[in-house]
Amino acid sequence: MPGVMARGGPTRRRRTMNEINMVPFIDVMLVLLIIFMVSAPLITTGVVDLPSVGRAKQRPQSVIEIVVGLDEKLKIKVDKGEPTGVALPQLVARVREAQRGQADVPVVISADRQVKYESVVKVMDTLQRAGVQRVGLSVKQGA
């Protein structure tokens, strides 16, 4: 039978491999794991020294307080005196006048809890752009 080929002859088709060899992948992963395990203790972590909130040792002799009311109107109070109204464009001139040439006199911004955050930031930004050195926010002590 010349047209029939034997079963194990040279025209036999090879099967395609449906499996992936995982051994090289596992070897690479184990090498990476060992590298990271060895190098992890050598990496030093940076220490961040955060400031703590507490009572000041000495209260400044002179304090300029800017009060932002519920209606977002500004008042300036110098050394626990009477608060006087002031507009935002004139705020810097009034603060400079109250500082009397002493740039280290602190300026404290006090605002009600219900006041928009944006209006407090506008006051702080106006003072900082004008070069006022010590600008802070007033907070309630305790819980």
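One is the number of the first residue; the rest follow in order along the sequence.
- A search for side-chain hydrogen bond (donor to acceptor under 3.5 Å, both in side chains) contacts involving Asp112 returns nothing, not counting sequence neighbours.
- Placement of Ile109 and Val78 in two distinct hydrophobic clusters is found when ILVMFWY residues are connected by side-chain heavy-atom separations under 4.5 Å, directly or transitively.
- By the rule that hydrophobic residues join a cluster once side-chain heavy atoms approach within less than 4.5 Å of another member, Leu30 and Val28 end up as members of one cluster.
- In the hydrophobic clustering, where aliphatic and aromatic side chains (Ile, Leu, Val, Met, Phe, Trp, Tyr) are joined below 4.5 Å either directly or transitively, Val38 groups with Ile34.
- Looking at Leu137 and Met124, their side chains come closer than 4.5 Å, going by heavy atoms from C-beta outward.
- Within the structure, salt bridge (charged side-chain N to carboxylate O under 4.0 Å, His left out) pairs that include any residue of residues 68-77 comprise Glu65-Lys77 (at least two apart or interchain).
- Between the CZ atom of Arg134 and the CD atom of Gln128 there is a distance of 13.5 Å, given to the nearest 0.5 Å.
- Scanning both residues, Ser62 and Pro106, for their nearest heavy atoms gives O-CD, 3.4 Å.
- Clustering of Ile, Leu, Val, Met, Phe, Trp and Tyr side chains at separations under 4.5 Å leaves Leu42 isolated, with no partner residue.
- At a threshold of 4.5 Å between side-chain heavy atoms, the hydrophobic network of Ile, Leu, Val, Met, Phe, Trp and Tyr places Leu74 and Ile76 in one connected group.
- Across every non-hydrogen atom of Asn21 and Pro24, the tightest pair is O-CD, 3.7 Å.
- Partner of Ile66 under the side-chain contact (heavy atoms from CB on, under 4.5 Å) criterion, out of Val108, Thr126, Val123, Val120: Val123 alone.
- Residues Val68 and Tyr117 fall into different hydrophobic clusters, defined by Ile, Leu, Val, Met, Phe, Trp and Tyr side chains chained together at heavy-atom separations under 4.5 Å.
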Give every donor-acceptor pair under 3.5 Å between a side-chain atom in residues 82-101 and any protein atom, sequence neighbours left out.
from	atom 1	to	atom 2	distance (Å)
Thr84	OG1	Arg94	NH2	2.8
Arg96	NH2	Ala130	O	2.4
Gln99	NE2	Val105	O	3.2

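- Applying the salt bridge (charged side-chain N to carboxylate O under 4.0 Å, His left out) test to Asp79 and every residue at least two apart in sequence or in another chain returns nothing.
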